[in-house]
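Following: one structure in structure tokens, then a few remarks.
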2 protein chains.
Amino acid sequence: MDHTERLHELGLRVTRQRLAVLRFLETTPHSSADTVASGVRDELPEVSMQSVYNVLNDLTALGMLRRFTPPGSAALHETRVDDNHHHAVCMTCGRIEDVECAVGHAPCLSPSDTHGMNIQIADVVYQGVCASCRESAHATEGGASGAQPRESVA
Amino acid sequence: MDHTERLHELGLRVTRQRLAVLRFLETTPHSSADTVASGVRDELPEVSMQSVYNVLNDLTALGMLRRFTPPGSAALHETRVDDNHHHAVCMTCGRIEDVECAVGHAPCLSPSDTHGMNIQIADVVYQGVCASCRESAHATEGGASGAQPRESVA
DNA sequence: TGCCCTATCTTGACTTCATCAAAATAGGGA
DNA sequence: TCCCTATTTTGATGAAGTCAAGATAGGGCA
């Protein structure tokens with residue numbers, strides 16, 4: 001189903017801003033509001049930051065987008081909403097990869113005791129070091145305790 | 001081992017600010033920097049916000065504290081660092097509960113290889129509705145589609 | 001097709017969370 | 001006890017995101 005159709009289905013107006021955001025995120029998942037704004041402006045130079053926030057919030061609330069927030073950076077957005085996939089963040093370079101759900105579908109985890117809380121979503125963020133960062137670390141490293149975890153995210 | 005000892009071990013000075021923060025978080029886990037500041041000021045009225053941030057950052061970096069960021073709110077801190085437990089956030093009232101790791105120890109999940117990324121930490125945040133919110137929802141509800149997920153976090 | 005209503009967008013001010021820098025303070029080893 | 005420097009304080013600054021009011025433009029209907 002294309003975006004126009006889906007927006008209609010949800011009772012939303014089909015605006016250029018919404019289409020542009022959706023189209024951009026289709027190509028460039030894991031984007032912050034800022035990134036979305038710059039990307040969208042290539043095709044629609046006039047969009048305001050506020051509109052980007054509006055669109056991201058509205059579409060996330062209605063389930064057309066998914067949002068997650070890696071530690072220490074802004075919220076990121078993507079159009080993959082139907083599968084239960086997770087995310088891995090490289091602690092060195094900030095790169096983000098999708099991770100298929102290891103345990104099957106659904107919450108993917110079954111917390112033994114939840115104090116009576118009715119779990120609906122499991123948001124999982126793995127942190128690690130990606131292959132290329134591991135290499136450059138080896139190259140540089142003189143025996144230090146490892147890559148420093150608190151670099152800015154690219 | 002008490003806090004003084006542990007700080008020494010890490011080569012850090014034992015300051016009243018650090019001890020106060022640690023003591024406070026022992027009693028009140030899942031606290032934001034703001035909450036920590038007010039709490040600490042009960043016993044040490046002069047602490048600056050900046051110091052609280054310093055302490056939280058330093059001790060988190062050295063592994064004496066753990067930090068996590070539930071979607072849509074400030075970073076929270078706790079002293080439980082050695083077990084691999086997760087968190088459940090009530091989408092309605094914002095309450096947070098600890099959740100024991102269901103699958104055993106360690107990363108708790110095994111996407112051992114993910115695009116060559118070497119996973120070291122799995123941060124899991126469950127979102128759901130806690131028992132008391134479910135009750136009050138039932139009480140109020142006239143057949144609406146359910147509790148609204150985007151309320152402010154208490 | 002054209003009109004009109006209102007959802008959506010724009011502009012601009014403002015909050016919250018957090019970091020940076022420089023001067024003042026206070027651990028703790030000698 | 002003295003002195004060095006790690007920490008803390010003070011004050012400015014930055015990033016991410018929200019709020020509110022007026023302007024614009026989807027799209028249902030005549």
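Just the heavy atoms: all of them, side chains too, but no hydrogens, waters or symmetry mates, feed the values below. Chain identifiers are assigned alphabetically (A, B, ...) following the order of the sequence lines, protein sequences preceding nucleic acid strands; residue numbering begins at 1 within each chain.
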Discussion item. Taking side chain to side chain donor-acceptor pair (under 3.5 Å) as the definition, give me every residue that meets it alongside B:Ser48, ordered by chain and number, with sequence neighbours left out.
Written reply: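 Testing B:Ser48 for side chain to side chain donor-acceptor pair (under 3.5 Å), a comparison that skips the adjacent residues, returns B:Ser51.
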
Fill in: Sorted by number, the residues of residues 74-81 of chain B with heavy-atom contact under 4.0 Å to DNA chain C
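The stretch gives B:Ala74, B:Ala75 as the residues lying under 4.0 Å from the strand, ordered by number.
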
Item to complete: Scan residues 2-13 of chain A against DNA chain C and write down, sorted by residue number, each residue with any heavy atom closer than 4.0 Å; if none is found, say none.
Response: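 A:Leu12, A:Arg13, in order of number.
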
Taking all heavy atoms of [X] and all of [Y], pick out the closest pair and write down the distance.
{"X": "B:Leu76", "Y": "B:Ser32", "answer": "CD2-N, 3.6 Å"}
{"X": "B:Phe24", "Y": "B:Val40", "answer": "CB-CG2, 4.1 Å"}
{"X": "B:Pro29", "Y": "B:Glu78", "answer": "CB-CB, 4.1 Å"}

Item to complete: Please report the C-alpha distance between A:Met64 and A:Thr79 in whole Å, then the side-chain angles of each, then the deciding distance to 0.1 Å, and finally whether the side chain to side chain contact (heavy atoms under 4.5 Å, CB included) criterion is met.
Response: CA-CA 7 Å; A:Met64 269 189 89; A:Thr79 52; over 6 Å; no

Practice prompt. Check whether any side-chain heavy atom of B:Leu12 lies under 4.5 Å from a side-chain heavy atom of B:Leu59, and answer yes or no.
Written response: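 Sidechains of B:Leu59 and B:Leu12: in contact.
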
Worksheet entry | Flag, side chain of B:Arg134 to backbone of B:Val129, donor-acceptor distance under 3.5 Å |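 Checking the backbone N and O of B:Val129 against the side chain of B:Arg134, a donor-acceptor pair under 3.5 Å is found.
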
Worksheet item: So, the side chain of B:Ser31 versus the backbone of B:Thr28: is there a donor-acceptor pair under 3.5 Å, distance only?
Response: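 Checked: pair present.
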
Tell me what [X] touches on the nucleic acid: a base, only sugar-phosphate, or nothing, going by heavy atoms under 4.0 Å.
{"X": "A:Gln50", "answer": "base"}
{"X": "A:Asp58", "answer": "nothing"}
{"X": "B:Thr15", "answer": "sugar-phosphate"}
{"X": "B:Ser51", "answer": "base"}

Worksheet item: What are the residues of residues 25-35 of chain A, sorted by number, that bring a heavy atom to within less than 4.0 Å of DNA chain D?
Response: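 Within this stretch, nothing sits under 4.0 Å of the strand.
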
Hey, could you give me each pair passing salt bridge (Lys or Arg N to Asp or Glu O under 4.0 Å) that has a residue in [range]? Not counting sequence neighbours.
{"range": "residues 9-20 of chain A", "result": "A:Arg6-A:Glu9, A:Arg18-A:Asp58"}
{"range": "residues 25-36 of chain B", "result": "none"}
{"range": "residues 80-91 of chain B", "result": "B:Arg80-B:Asp83, B:Arg80-B:Asp98, B:Arg80-B:Glu100"}

Worksheet item: Is there a side chain to side chain contact (heavy atoms under 4.5 Å, CB included) between B:Thr60 and B:Arg66 once you walk through the steps?
Response: CA-CA 6 Å; B:Thr60 299; B:Arg66 186 173 158 191; over 6 Å; no

Worksheet entry | Leading and trailing nucleotides of DNA chain D with any atom under 4.0 Å from heavy atoms of chain B |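 Counting from the 5' end, contacts occupy D:dT5 to D:dG11.
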
Item to complete: Kindly state each residue pair satisfying side-chain hydrogen bond (donor to acceptor under 3.5 Å, both in side chains) with at least one member in residues 38-47 of chain B, sequence neighbours excluded.
Response: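 Passing the test, one end in residues 38-47 of chain B: B:Arg23-B:Glu43.
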
Fill in: Modelled atom types, side-chain donor and acceptor of A:Ser132 and A:Arg95, under 3.5 Å
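Yes - a donor-acceptor pair under 3.5 Å links their side chains.
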
Discussion item. Going 5' to 3' along DNA chain C, between which two nucleotides do contacts with chain B fall, using a heavy-atom cut-off of 4.0 Å?
Written reply: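 For DNA chain C, the relevant span reads C:dC17 to C:dG28.
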
Practice prompt. Would you check, one step at a time, whether the test side chain to side chain contact (heavy atoms under 4.5 Å, CB included) holds for A:Val124 with B:Val125?
Written response: CA-CA 6 Å; A:Val124 181; B:Val125 176; over 6 Å; no

Worksheet entry | Result of checking A:Val52, A:Leu56, A:Val21 against A:His77 for side-chain contact (heavy atoms from CB on, under 4.5 Å) |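 Among A:Val52, A:Leu56, A:Val21, the one that satisfies the side-chain contact (heavy atoms from CB on, under 4.5 Å) with A:His77 is A:Leu56.
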
Worksheet item: Taking only residues two or more places apart in sequence, or in another chain, which ones meet A:His87 in a ring-ring contact (aromatic ring centres under 6.0 Å, His included)?
Response: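 Scan of A:His87 (ring-ring contact (aromatic ring centres under 6.0 Å, His included), adjacent residues dropped) gives A:His30, A:Phe68, A:His85.
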
Fill in: Inter-axis angle, terminal five-pair segments of the helix from C:dT1-D:dA30 to C:dA30-D:dT1 [nearest 10°]
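That helix gives 30° between its end axes.
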
Practice prompt. List the steps and the verdict of side chain to side chain contact (heavy atoms under 4.5 Å, CB included) for B:Gln127 and A:Ile119.
Written response: CA-CA 6 Å; B:Gln127 296 172 252; A:Ile119 304 302; over 6 Å; no

